[in-house]
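Here the structure is laid out as structure tokens; the discussion comes afterwards.
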Number of protein chains: 2
Amino acid sequence: MPSVMPFATSSPMWLEPSTKPWAGVYTPRLLGDDPLVAQAADDWRRLAAQAPAAAVNRELSITTVHDLAIPADTADTDDAVDPTTQADLNDAADLPDALAQAARVVVAQAPPGPEGYAIVRDAAGNVAVVGADGAGALYGTLRLLVVGPERLLGDEDAITSAPDLTLRMLDHWDNLVPHPVMGTIERGYAGDSVFFEAGGLAQDTARIDDYGLVLASLGINAVCLNNVNVHAMESTLLRERLDLVKTIASILRRHHVATFVAVNFAAPMTVGGLDTCDPLDERVAQWWRETTDGVYAAIPDLGGYVVKADSEGQPGPFAYGRDHADGANMLAAALAPHGGTVMWRCFVYNHRQDWRDRSLDRARAAYDHFMPLDGRFADNVLLQIKHGPLDFQVHEPVSPLLLGLKRTRVALELQIAQEYTGHQWDTYFLPTAWREVLDLDVADDGGTNFSDDLASRPGSAIVAVAGVGRDWNWTGNTFSQANLYGYGRLAWDLHASGRDIAAEWATASFAGDDALSEALTAILLTSREAYENYTSPLGVGFMVTPGDHYGPNIDGYEYSPWGTYHFADRDGVGVDRTPTGSGYTEQYPPALAARYRTVATCPERLMLFFHHLRYDHVLPESGVPLIQRIYDTHFEGVEQVRAMRQRWEAVRKQIPERIRADIDRRWQAQEHNAIEWRDQVCTYFLRHSGIPDAARRTIYP
Amino acid sequence: MPSVMPFATSSPMWLEPSTKPWAGVYTPRLLGDDPLVAQAADDWRRLAAQAPAAAVNRELSITTVHDLAIPADTADTDDAVDPTTQADLNDAADLPDALAQAARVVVAQAPPGPEGYAIVRDAAGNVAVVGADGAGALYGTLRLLVVGPERLLGDEDAITSAPDLTLRMLDHWDNLVPHPVMGTIERGYAGDSVFFEAGGLAQDTARIDDYGLVLASLGINAVCLNNVNVHAMESTLLRERLDLVKTIASILRRHHVATFVAVNFAAPMTVGGLDTCDPLDERVAQWWRETTDGVYAAIPDLGGYVVKADSEGQPGPFAYGRDHADGANMLAAALAPHGGTVMWRCFVYNHRQDWRDRSLDRARAAYDHFMPLDGRFADNVLLQIKHGPLDFQVHEPVSPLLLGLKRTRVALELQIAQEYTGHQWDTYFLPTAWREVLDLDVADDGGTNFSDDLASRPGSAIVAVAGVGRDWNWTGNTFSQANLYGYGRLAWDLHASGRDIAAEWATASFAGDDALSEALTAILLTSREAYENYTSPLGVGFMVTPGDHYGPNIDGYEYSPWGTYHFADRDGVGVDRTPTGSGYTEQYPPALAARYRTVATCPERLMLFFHHLRYDHVLPESGVPLIQRIYDTHFEGVEQVRAMRQRWEAVRKQIPERIRADIDRRWQAQEHNAIEWRDQVCTYFLRHSGIPDAARRTIYP
């Protein structure tokens with residue numbers, strides 16, 4: 001009896017009760033009075049009430065290290081565990097078996113770090129979740145709820161888990177009122193804002209609460225409510241509309257989700273009545289201090305501010321001859337007394353570039369602006385850096401700024417909203433692309449990958465643009481739910497594999513046989529390569545409809561001021577970012593720079609990002625001329641879509657009708673889109689090169 | 001003492017009082033009680049009150065042939081003038097000299113046709129305007145007011161004038177409420193609707209009255225109030241919002257402007273509750289009859305309906321397997337009892353074309369759809385046909401449908417709104433382009449031109465998309481006022497020259513010396529060729545930003561479903577519309593077909609509209625290879641803009657500050673735009689052809 005809408009107004013996504021027979025088996029039993037422990041138990045009971053009835057009944061004990069009287073800092077000291085406490089535990093005969101066993105495990109292995117948890121199963125099958133704190137108890141319980149004890153524990157009696165990063169955040173690009181072009185969510189493809197409606201609170205506040213549960217089930221612990229492009233209306237969130245933030249924060253807090261607000265750097269002028277927003281002007285600093293004091297008086301646990309300054313028309317410190325450290329530190333000083341954080345975005349570049357000047361390169365911008373400032377930022381500033389140097393294209397190299405900063409806290413910024421990756425219409429499993437970022441061998445020596453590098457730097461964070469709206473299924477395309485799920489999983493565990501994420505999502509979301517989850521998993525794992533194949537070739541990017549960013553427009557950004565060019569002519573295509581061109585390659589650590597600057601070693605999927613090649617240049621990896629590779633990948637992309645669609649056809653009957661019909665529509669559209677992309681790209685390059693397809697497939701003249 | 005806003009809320013355009021010293025010289029004196037004669041006198045007095053004071057005082061007698069008791073049908077009969085009447089006139093010693101003289105002139109020369117007038121000046125300088133009817137009296141008076149007796153009469157004592165076409169109309173593409181993409185006026189570049197506001201009447205009804213005067217000053221006698229794309233809201237103009245039409249019609253009627261309404265062919269379904277709009281279904285016909293009876297009960301002199309059916313997504317008869325004669329005649333039957341007219345647009349084509357299929361040609365569509373129906377339309381149907389076969393591009397050949405129809409009334413449709421011609425931002429004098437249409441030698445034999453051909457066909461009409469909005473100067477760019485002026489002049493006199501129109505407009509609009517009017521005239525006369533030169537080359541069209549239709553995007557429509565392609569590749573560019581291509585040329589009369597199908601005789605400015613040529617093809621007219629001609633025209637276009645701007649600089653101090661500052665801004669933008677067009681087009685073709693500029697000017701690689 002599969003359900004699809006146990007939430008009041010929406011799909012439960014991976015919290016689908018019909019996939020969770022264990023929910024009804026376990027009865028939560030609480031120890032201590034941590035409100036997050038109580039929330040964990042409530043969440044479990046809520047799902048259990050809608051899950052299949054169970055014949056057996058077991059105990060699920062939920063508590064924290066603190067309430068079990070285990071010293072939380074065991075792992076952090078060289079001292080032995082306090083013998084008294086351990087003795088107390090050993091003597092605790094009235095504890096349930098599982099809990100007692102859990103206590104012993106945790107003490108023996110050292111408690112997990114902040115927000116972490118241990119999950120222990122006793123011989124009778126009873127389970128205990130022991131959080132390092134209330135959040136850990138909540139996360140452990142929900143993780144158990146989503147995947148179930150068998151999959152989670154396997155053959156083990158106990159596992160422990162703790163997040164790799166302390167701040168795991170979503171940025172909502174939500175507007176308080178519809179923007180004339182962008183609508184209620186900038187780059188939103190899944191309906192209106194979950195938070196806002198007509199300048200105020202969304203009527204359906206139960207939906208915000210559901211969203212809190214969804215976030216907690218992934219371990220996401222922070223959300224910025226509003227668009228980084230902060231319009232006049234949204235600037236009032238700091239003052240006149242502060243109650244709106246307070247109300248939403250009070251709902252999200254129940255799920256251990258901290259609230260951030262995106263602020264406009266010019267707010268002292270636009271809402272404060274000053275004639276400047278110079279970060280070194282004391283009146284400006286004072287305005288921010290007073291405003292921030294007011295904000296924290298209402299919301300003492302606010303996460304902080306998100307800032308997009310001097311970017312795409314937003315105001316910033318450059319107007320006053322100040323640099324971004326000046327700007328960020330001024331805000332940081334206002335937030336510091338309250339424990340707040342500045343998330344300062346590094347998406348700073350000249351968006352009025354002259355396409356005629358080939359010496360300019362937007363890809364250089366973030367590194368050029370911010371590397372010289374390394375070490376100058378306050379402790380409560382994080383630089384929020386997009387994963388690639390451009391803007392969430394289908395395939396980009398990792399931003400060299402992410403690799404370069406050594407004395408500055410960084411937040412890796414990803415995008416779940418599928419702005420350039422199919423508008424949550426085409427299926428595109430983003431974790432495949434994110435894994436490439438995280439798996440980058442930073443010194444190109446078989447050593448440290450970027451995951452470990454990031455986690456090892458104190459205070460690092462991860463952020464993603466949310467991609468969530470008020471559509472009944474939250475994400476437009478149901479497959480796009482897997483991107484939100486995958487983001488949460490990766491934010492917690494930077495080493496989670498794409499395959500595991502895909503399989504977990506499929507199993508948790510749809511009741512069905514193994515063939516179903518295998519098919520869904522296979523579709524997800526194919527989808528990124530398919531999309532990459534039929535869209536812009538070999539990393540060159542931006543062959544999309546201007547403004548909208550969907551659908552092919554090969555020259556759409558070629559003569560624009562946005563710094564987005566491929567330079568195709570009758571002889572060749574691609575951007576020379578080596579020292580003979582813009583020199584961008586030299587922003588990387590030496591080994592990577594060498595790899596990228598050399599055609600022979602440059603990854604083929606990034607070839608046109610780094611190099612301008614003749615159409616007849618034979619590519620080292622695939623051994624065919626560039627033009628042939630362009631043709632081949634585009635025909636292959638369409639075939640991959642057809643193959644995904646066929647896999648879907650074979651299992652679709654197991655999917656609830658409403659989801660099935662919606663996905664059917666989207667496959668039809670995606671195949672149409674893929675053919676359109678293939679034909680336009682191939683025709684474009686045939687018209688330019690004059691070189692026919694060696695495989696004699698139909699390319700329109 | 002030049003003024004710029006004697007109207008309550010707007011520029012007076014060519015009714016600028018400071019340019020009209022004669023306004024204060026003449027005191028209107030009325031004969032008879034025709035309300036339009038009274039309106040003429042009122043209009044004169046209104047302007048005179050704001051015009052320079054005059055030392056002398058003369059009489060301006062205004063009357064009609066009827067009130068002078070001159071038989072209006074003198075010209076139409078072989079009979080001699082009624083001798084009694086003539087004798088009465090000769091005896092009319094108490095008439096003012098000018099009027100008596102006028103009467104004699106009119107009787108001797110035969111009264112002008114409907115809406116026409118005679119203007120006579122006596123030895124003392126007094127003037128009489130005698131209309132063939134009240135409208136004629138109004139038009140003659142206003143014509144005299146705009147250009148003054150000296151320019152109008154020259155050395156003559158008397159002139160007569162009558163319009164070449166009986167229906168001279170403007171189509172407003174105004175929406176009742178802002179369309180999410182198109183705004184309050186579709187393709188509007190001059191502010192909100194003069195008529196509508198927030199679903200109802202515009203608050204400033206004085207502005208509607210001013211607009212009526214503006215129209216009357218041009219002899220425009222009909223206006224369609226609302227957008228031909230009739231949304232649900234606008235469909236209610238036929239019923240729930242009929243009072244809105246009635247109110248506006250009552251204002252326009254004072255100025256002899258008839259009101260039309262654009263209707264949605266599916267209105268019987270969308271507002272009538274029927275399940276069909278099949279034109280052969282009696283319930284549908286009955287709905288239209290009853291609805292139309294209701295409309296005419298409120299507005300007995302309504303002009304009729306404008307219909308865009310089966311076009312760009314609008315509903316139409318095709319859905320029921322009916323043709324457009326079925327559709328138009330059904331509406332005509334409902335209108336006929338009331339004397340109403342159907343303006344049925346022929347802008348019918350497949351807007352979901354496959355760019356891959358080169359055998360399709362949108363240019364063929366209107367002729368293919370409508371020629372087979374010639375002779376089947378009711379007498380009160382006019383087919384409204386755009387001047388070219390595509391859509392108001394910078395340079396198109398004349399629509400062959402306009403030339404082909406022999407047994408159907410036609411309305412030539414022009415566009416004052418500068419959709420593809422600079423968005424009323426770049427200066428572009430449309431009469432230059434319209435003259436080419438009107439001057440076409442239809443049999444290519446030195447005989448009849450299209451002006452005479454059109455005027456000779458009974459019941460022909462002329463229509464233009466208005467381009468007017470509530471901006472203080474009505475048209476965005478002040479120079480765009482000259483397009484409205486020019487349209488009115490040409491609609492009245494199909495042979496009016498572009499130079500005369502430009503000079504009249506300049507002199508009537510701005511008080512200044514001869515250098516000023518010469519400069520403004522020269523700018524207008526250069527502007528079309530300049531724009532043509534720096535935008536898409538040699539008639540190929542549509543190299544614009546999709547949707548917006550402004551600014552260069554050379555491949556913007558190349559892979560679209562809109563049927564708008566130039567087929568540029570590494571070897572050549574252009575559309576083969578000869579019998580080896582789409583065969584469109586064969587829709588023309590034989591001599592024109594032969595001229596167009598042959599490269600040697602095809603006009604160079606239309607070469608790429610009709611032919612796909614290699615870049616190295618030497619053009620017969622200019623004697624240089626195609627690629628070089630593309631480069632040359634684009635560099636020349638920018639130089640022409642600079643030359644226009646220099647002419648402006650030399651006289652700008654004579655222009656009132658508000659207008660001057662606005663025009664300054666627009667020149668700056670236009671020069672920037674022209675350079676952008678030039679560079680993008682030249683780079684695009686350099687990248688494609690690989691052929692450098694023989695003149696070694698800078699073309700970016």
Side-chain angles (χ1 to χ4, degrees), chain A residues 178-183 352 354-360 543-548 550-561 565-573 576 612 614-615 627 672-673 675-692 698-701, chain B residues 178-183 352 354-360 543-548 550-561 565-573 576 612 614-615 627 672-673 675-692 698-701:
Chain A
H179 182 276
V181 175
M182 293 295 179
R352 301 197 178 282
D354 190 338
W355 59 268
R356 299 165 187 81
D357 183 353
R358 287 212 192 184
S359 73
L360 301 175
M543 290 181 170
V544 294
T545 305
D548 185 58
Y550 186 70
N553 190 334
I554 294 111
D555 268 3
Y557 275 100
E558 189 58 16
Y559 301 90
S560 84
Y565 317 115
H566 54 65
F567 302 121
D569 61 18
R570 71 199 319 264
D571 300 315
V573 60
D576 182 1
H612 185 93
R614 289 182 57 89
Y615 294 122
I627 188 71
H672 174 87
N673 294 343
I675 290 169
E676 194 63 32
W677 268 102
R678 177 196 68 191
D679 288 347
Q680 288 198 30
V681 170
C682 288
T683 293
Y684 179 94
F685 284 105
L686 176 62
R687 288 188 184 180
H688 277 71
S689 71
I691 302 172
T698 299
I699 297 178
Y700 300 87
Chain B
H179 182 275
V181 176
M182 293 293 177
R352 300 197 179 283
D354 191 338
W355 59 269
R356 301 165 186 79
D357 184 354
R358 287 212 191 183
S359 72
L360 301 175
M543 290 180 170
V544 294
T545 305
D548 184 57
Y550 186 70
N553 191 332
I554 293 111
D555 268 1
Y557 275 101
E558 189 57 17
Y559 301 90
S560 84
Y565 317 116
H566 54 65
F567 303 120
D569 62 18
R570 73 200 317 265
D571 300 315
V573 59
D576 182 1
H612 185 93
R614 289 181 58 88
Y615 296 121
I627 189 70
H672 175 87
N673 294 344
I675 291 169
E676 195 63 33
W677 268 103
R678 177 196 69 191
D679 287 347
Q680 288 198 30
V681 169
C682 288
T683 293
Y684 179 94
F685 284 104
L686 176 63
R687 287 187 184 180
H688 278 71
S689 70
I691 302 172
T698 299
I699 297 179
Y700 299 87

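Values in this document were obtained by computation on a predicted structure and should not be read as measured data.
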Problem set entry | Contacting region of A/E558 [heavy-atom separation from chain B under 4.5 Å] |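 Contact with chain B involves the side chain of A/E558 alone.
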Exercise. Where on B/S689 is there a heavy atom nearer than 4.5 Å to chain A: the side chain, the backbone, both, or neither?
Worked result: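 For B/S689, backbone heavy atoms alone lie under 4.5 Å from chain A.
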Exercise. Who among A/A568, A/P180, A/G556 has the most heavy-atom pairs with chain B under 4.5 Å?
Worked result: A/A568
Exercise. Does B/R570 reach the main-chain N or O of A/R687 with its side chain, forming a donor-acceptor pair under 3.5 Å?
Worked result: no
Exercise. Is A/Q680 close to B/W355 at the side-chain level, that is, under 4.5 Å between some pair of heavy atoms?
Worked result: yes
For this session: Look at B/L686, B/T683, B/T698, B/D357 and state which one has the largest set of heavy-atom pairs under 4.5 Å with chain A.
Result: B/T683
